[in-house]
J.: 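This is the structure I have questions about; it appears just below.
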Amino acid sequence: MRQTFDETTDPSFGAKHLPLVRAEMARQGLDGFLVPHEDEHQNEYLPAANDRLAWVSGFTGSAGAGVVMKDSAAVFADGRYTVQVKAQVDADQFEILSLESGVPAYLERAPRGAVIGYDPRLHSPDALASLKRAASRAGASLKAVADNPVDAAWADTRPAQPVAPVVPHEDRHAGESSASKRARIGAAIADAGADAAVLTAPTSIAWLFNVRGGDVIRSPLPLAQAIIAANGTAMLFLDPAKVTNELPGWLGDDVTLMRPDELPQALEGMKGHSVLIDPAQSSAWYFDRLELVGATVVRGADPCALPRAVKNPVEIEGSRQAHIRDGAALSRFLHWVDTVAQIELPDERQVVEALERFREETGALKDLSFDTIAGVGPNGALPHYKPVTRTLRKMERGSLLLVDGGGQYLDGTTDVTRTMAIGEPSAAQRRMFTLVLKGHIAMAVVRFPAGTTGHQLDALARLPMWMAGLDYDHGTGHGVGSYLGVHEGPQRIAKAPNAQPLLTGMILSNEPGYYREGHWGIRIETLQVVTPPEPIPGGERPMHGFEQLTFAPLDRRLIDVDLLTADERAYVDAYHAETLAKVGPLMEGEAKTWLEAQCAPL
């Protein structure tokens with residue numbers, strides 16, 4: 001299933017490419033060049049052909065950036081990849097910096113008069129604006145280039161662009177026809193005062209046309225662009241090699257298939273028209289092109305983003321079934337951890353392979369939903385650590401194992417984290433696990449009125465730790481797609497302000513954690529869907545809530561029952577009873593007996 005650069009890459013891999021890039025920069029008269037992780041579609045996960053940052057630096061994380069100057073270079077990675085970036089990047093050639101500290105801050109150090117190039121196909125206007133301001137403060141300037149120096153240097157060894165077949169995603173899984181969706185989106189475009197919209201996000205294109213592909217690792221997405229008119233007709237720009245025999249008939253007469261090289265001409269046809277396009281999602285190249293041909297650019301959110309996030313009843317039921325299937329696979333894995341692995345003490349890579357094997361045995365797995373995170377002891381204290389050769393640890397008694405993974409199934413996308421004791425847990429481990437569990441329960445049972453945002457709920461999951469003087473440095477919840485991306489906006493639960501209210505049908509994760517640096521980490525994650533507002537006896541306003549989707553047992557050895565209230569104990573018992581009822585029928589033998597013991601009342 002792996003499609004990108006191997007994460008065991010030697011640090012010399014990226015460093016040896018720097019002279020080639022600098023030669024191309026010199027040819028174009030550039031003093032520097034920006035290398036974002038994102039590609040032309042602003043993807044989080046990339047096909048190998050678009051993983052420019054990995055080729056230049058060796059860093060393969062899903063969030064990062066790079067800057068190459070004539071005499072220096074820097075790689076930026078977020079807190080999920082602290083260990084990985086150091087293992088993959090040559091520190092003698094690259095300054096390794098935090099993505100949180102930001103590329104703009106680095107550009108403010110640029111030499112006065114420096115000309116720093118950027119590829120307008122790879123940066124959204126919103127992101128580009130802050131970079132331009134930073135360079136200006138240093139007395140430097142950014143220059144759009146038509147010939148990307150990385151692409152030119154990479155030309156001889158660059159993988160071919162993916163051409164995975166694009167196939168129908170049947171209405172029995174999608175829950176709504178493409179024609180119906182296009183009518184809805186067309187009306188939204190008209191309401192925004194536009195004649196048409198340009199779509200560049202693969203997730204929006206897959207959702208709108210009810211198709212799926214295989215161009216993007218860990219997500220069933222086709223790389224494509226589309227222009228949809230306010231009347232619901234559309235042009236879909238797709239490599240002919242991806243077009244299967246059934247696709248034209250599936251799309252229907254109101255969708256015109258076109259080649260990607262016909263896109264510039266189609267944009268020229270927008271002259272005199274108002275065109276909606278998302279400045280946070282689509283690249284600057286589209287804005288530049290539309291303005292050049294005389295179109296009126298209407299800046300606004302991708303019109304598919306919110307409808308895609310609000311799942312219909314068919315998608316919700318599909319997610320329920322996917323999670324039951326996935327929960328059985330995960331429960332078999334947890335049984336393996338609690339029995340075989342406790343004796344054999346495998347390393348983290350072997351743990352990852354075991355979990356993937358159990359998911360594959362469902363016979364329904366299409367791909368993982370992201371590269372599995374498995375951290376033993378100190379590695380578990382890195383919230384999104386992924387096992388790489390230089391940092392592999394074996395399971396060790398007295399420590400904790402944190403495993404975060406998920407699957408892509410035709411009927412849903414899963415993402416779940418469980419933390420397990422290796423041997424007998426300490427009192428400190430049990431206390432911290434239980435504090436995390438209390439926050440997790442608070443987010444699972446909360447009721448909230450219409451208009452409430454995830455930002456307003458976030459503190460509930462943190463309160464038990466805040467009262468103990470503790471916290472965690474990642475969000476509490478992210479949106480999840482329906483056989484699409486495992487990270488989906490616009491909804492989220494986090495400290496950072498977010499104006500999007502939580503709406504009925506939105507799927508989000510619930511994943512508080514605690515990380516004791518140098519020792520171990522704890523995270524408990526399930527997915528849950530926002531339920532319709534309902535009255536509460538004695539209340540005055542109907543309230544939304546959450547329905548749990550993920551079912552897999554918690555490690556009982558890590559729960560300090562004395563720290564739970566009666567209501568919290570009742571929640572754990574009810575959750576385990578539901579887990580046994582839904583997942584148990586798919587289990588057998590010793591694994592089922594183990595599950596029954598794990599799900600017994602506290």
Side-chain angles (χ1 to χ4, degrees), residues 14 18 21-22 25 28-44 46 50-54 56-57 59 61-82 84-86 89 91 93-145 148-150 278-288 299 301 384 473-475 487 489 492 494-499:
L18 277 178
V21 176
R22 286 177 173 140
M25 287 164 44
Q28 297 188 42
L30 301 175
D31 301 299
F33 188 70
L34 303 179
V35 188
H37 168 267
E38 293 76 20
D39 66 358
E40 290 86 338
H41 302 269
Q42 299 296 296
N43 282 317
E44 178 182 14
L46 306 175
N50 293 353
D51 209 343
R52 296 173 176 89
L53 181 61
V56 169
S57 69
F59 174 57
S62 64
V67 181
V68 179
M69 303 296 288
K70 288 194 294 188
D71 301 313
S72 61
V75 171
F76 303 80
D78 74 11
R80 295 177 291 175
Y81 299 110
T82 303
Q84 182 178 324
V85 68
K86 292 177 181 177
V89 175
Q93 299 295 323
F94 293 90
E95 189 175 357
I96 299 174
L97 299 170
S98 162
L99 190 61
E100 287 76 10
S101 66
V103 179
Y106 184 82
L107 292 181
E108 290 180 2
R109 296 159 41 186
R112 179 168 293 276
V115 177
I116 301 170
Y118 70 91
D119 186 336
R121 300 171 302 160
L122 309 182
H123 300 265
S124 71
D126 282 0
L128 201 55
S130 65
L131 298 175
K132 287 181 175 179
R133 288 193 297 268
S136 177
R137 284 194 286 270
S141 61
L142 298 190
K143 177 184 177 181
V145 300
N148 186 312
V150 174
D278 190 338
Q281 176 61 54
S282 297
S283 71
W285 181 88
Y286 294 94
F287 291 79
D288 295 344
R299 293 180 173 230
H384 287 80
D473 294 325
H474 57 74
H487 295 144
R492 67 175 184 268
K495 287 181 180 179
N498 177 19

J.: With a 4.5 Å limit on heavy-atom distance, are the side chains of L122 and N148 in contact?
T.: yes
J.: Contact between N43 and N50 at the side-chain level, heavy atoms closer than 4.5 Å - yes or no?
T.: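 Side-chain contact under 4.5 Å: no.
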J.: Checking R109 now: which residues fulfil salt bridge (Lys or Arg N to Asp or Glu O under 4.0 Å) with it, not counting sequence neighbours?
T.: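 Per chain and number, R109 pairs via salt bridge (Lys or Arg N to Asp or Glu O under 4.0 Å) with E95.
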J.: When rounded to the nearest 0.5 angstrom, what is the spacing between CG in L131 and OH in Y118?
T.: 10.0 Å
J.: Heavy-atom count around K70 NZ within 6.0 Å, excluding the residue itself: above 12?
T.: no
J.: Just how far is it from atom CD of E108 to atom OG of S136, taken to the nearest 0.5 Å?
T.: 10.0 Å
J.: Quick one: does Q281's side chain have a donor or acceptor within less than 3.5 Å of a partner on H41's backbone?
T.: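 Between the backbone of H41 and the side chain of Q281 there is a qualifying donor-acceptor contact (under 3.5 Å).
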J.: Any side-chain heavy atom of H123 within less than 4.5 Å of one from P36?
T.: yes
J.: Is there a side-chain contact between L34 and L142, using heavy atoms and a 4.5 Å cut-off?
T.: yes
J.: Side chains of R52 and L46: closer than 4.5 Å at any heavy-atom pair?
T.: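 Sidechains of L46 and R52: no contact.
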J.: Determine whether F76 and Y106 satisfy the following criterion, ring pair (Phe, Tyr, Trp, His ring centres under 6.0 Å), listing intermediate values before the conclusion.
T.: CA-CA 10 Å; F76 303 80; Y106 184 82; 5.6 Å; yes
J.: For V115, does its backbone N or O pair with a side-chain atom of D31 as donor and acceptor, under 3.5 Å?
T.: yes
J.: May I ask you to decide if M69's main-chain N or O and R22's side chain share a donor-acceptor pair within less than 3.5 Å?
T.: yes
